[in-house]
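Here's the structure we're looking at; comments come further down.
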Amino acid sequence: MMRIGEVAQAAGVNPKTIRYYESIGVLPEPARTGSGYRDYDKSFPDRLTFIRTAQRLGVTLDEIREILSFRERGETPCAYVRDVLDAQLEGIGRRIQELELLREQLTEIASEADRLPPATANGICQLIEHVRQTRTALPNQPFGGRP
């Protein structure tokens with residue numbers, strides 16, 4: 001059996017991460033020693049490594065929880081994982097299109113910058129003001145997808 005610090009070190013994560021995963025049900029609650037310390041079996045570092053690998057692929061913690069529940073039921077999650085990854089690919093494709101459109105818009109706007117009058121003493125950026133006044137057809141999504 002292993003303590004939380006040993007599991008964290010073996011998996012390359014912070015003990016707080018392990019506690020968080022337990023609190024949301026991605027990791028099961030471990031056994032406890034008589035003095036209340038968590039007591040993990042040897043499978044926990046592998047499970048943590050699996051979780052971290054899935055996250056690097058863009059799989060959400062909810063999706064990871066579902067994948068792990070397949071395993072706990074003795075079922076293979078391959079079809080579910082494939083659906084999740086296909087959705088990831090679709091989202092990435094959509095995001096690439098959005099970024100290409102944004103690049104075109106920003107390139108066009110940047111080319112207009114040299115043709116604008118100099119900034120006034122009111123501290124307003126002429127370029128942003130120009131875009132605000134002339135580009136009513138811009139998507140509601142802020143540039144770069146940030147709020």
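In what follows, residues are counted from 1 in the order of the sequence shown.
Shown here are the salt bridge (Lys or Arg N to Asp or Glu O under 4.0 Å) partners of R71, two or more places apart in sequence or in another chain: there are none. Residues that satisfy the ring-ring contact (aromatic ring centres under 6.0 Å, His included) test with Y37, not counting sequence neighbours, are absent from this structure. With sequence neighbours excluded, no residue forms a salt bridge (Lys or Arg N to Asp or Glu O under 4.0 Å) with E6. Taking the ring-ring contact (aromatic ring centres under 6.0 Å, His included) definition, one finds that Y40 meets it with F44, sequence neighbours left out. Residues passing the salt bridge (Lys or Arg N to Asp or Glu O under 4.0 Å) test with R115, sequence neighbours excluded: none. The ring-ring contact (aromatic ring centres under 6.0 Å, His included) search around Y80 returns F70, not counting sequence neighbours.
Of the charged side-chain nitrogens involved, at least one lies within less than 4.0 Å of a carboxylate oxygen, so that R95 and E98 count as a salt-bridged pair. A salt bridge between R65 and E22 is absent, with no side-chain N of the basic residue lying under 4.0 Å from a carboxylate O of the acidic one.
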Audit row: T60, D62, side-chain hydrogen bond (donor to acceptor under 3.5 Å, both in side chains) steps and yes/no: CA-CA 5 Å; T60 67; D62 286 337; 5.2 Å; no
V13 vs V7, side-chain contact (heavy atoms from CB on, under 4.5 Å): CA-CA, chis, key distance, verdict: CA-CA 8 Å; V13 299; V7 173; over 6 Å; no
Derivation and outcome, side-chain contact (heavy atoms from CB on, under 4.5 Å), residues E108 and E104: CA-CA 6 Å; E108 186 178 320; E104 290 172 19; over 6 Å; no
Verdict with reasoning, I67 to F50, per side-chain contact (heavy atoms from CB on, under 4.5 Å): CA-CA 11 Å; I67 292 166; F50 173 83; 3.7 Å; yes
L85 and V59: CA distance, side-chain angles, deciding distance, side-chain contact (heavy atoms from CB on, under 4.5 Å) verdict: CA-CA 8 Å; L85 295 180; V59 180; 4.3 Å; yes
Residue pair R19, S23: steps toward the side-chain hydrogen bond (donor to acceptor under 3.5 Å, both in side chains) verdict: CA-CA 6 Å; R19 290 185 196 101; S23 74; over 6 Å; no
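Closest of all the heavy-atom pairs between V26 and I64 is CG1-CG2, 4.1 Å. Summarising the geometry of N14 relative to A8, their closest heavy-atom pair is C-CB, 4.1 Å, with the distance given to 0.1 Å. For Q55 against L61, the heavy-atom pair with the smallest separation is NE2-CD2, 3.4 Å. What you find for D41 and M2 is that their closest heavy atoms are O-SD, 4.3 Å.
The structure places CG of L89 at 11.0 Å from CZ of R94, a figure rounded to the nearest 0.5 Å. Residue L48 holds its CG atom at 9.5 Å from OG of S43, rounded to the nearest 0.5 Å.
Proximity of I4 to P15: side-chain heavy atoms (C-beta onward) are separated by under 4.5 Å at one or more points. Side-chain contact between P28 and R47: present, with at least one pair of heavy atoms (C-beta onward) separated by less than 4.5 Å. Inter-residue side-chain proximity for L68 and I51 is flagged as met; some heavy-atom pair is nearer than 4.5 Å.
Within 6.0 Å of CD on Q9 lie no more than 12 heavy atoms contributed by other residues, nucleotides or ligands. Within 6.0 Å of atom CZ in R82, 12 or fewer heavy atoms from other residues, nucleotides or ligands are found, so the atom counts as exposed in its surroundings.
Side chain of R38 to main chain of E29: no donor-acceptor pair is present (N/O by atom type, distance under 3.5 Å, no hydrogens or angles). Put simply, the side chain of T53 gets close to the backbone of T49: a donor and an acceptor are under 3.5 Å apart.
Note on I92: it does not cluster hydrophobically with V84, by side-chain heavy-atom contacts below 4.5 Å among ILVMFWY residues.
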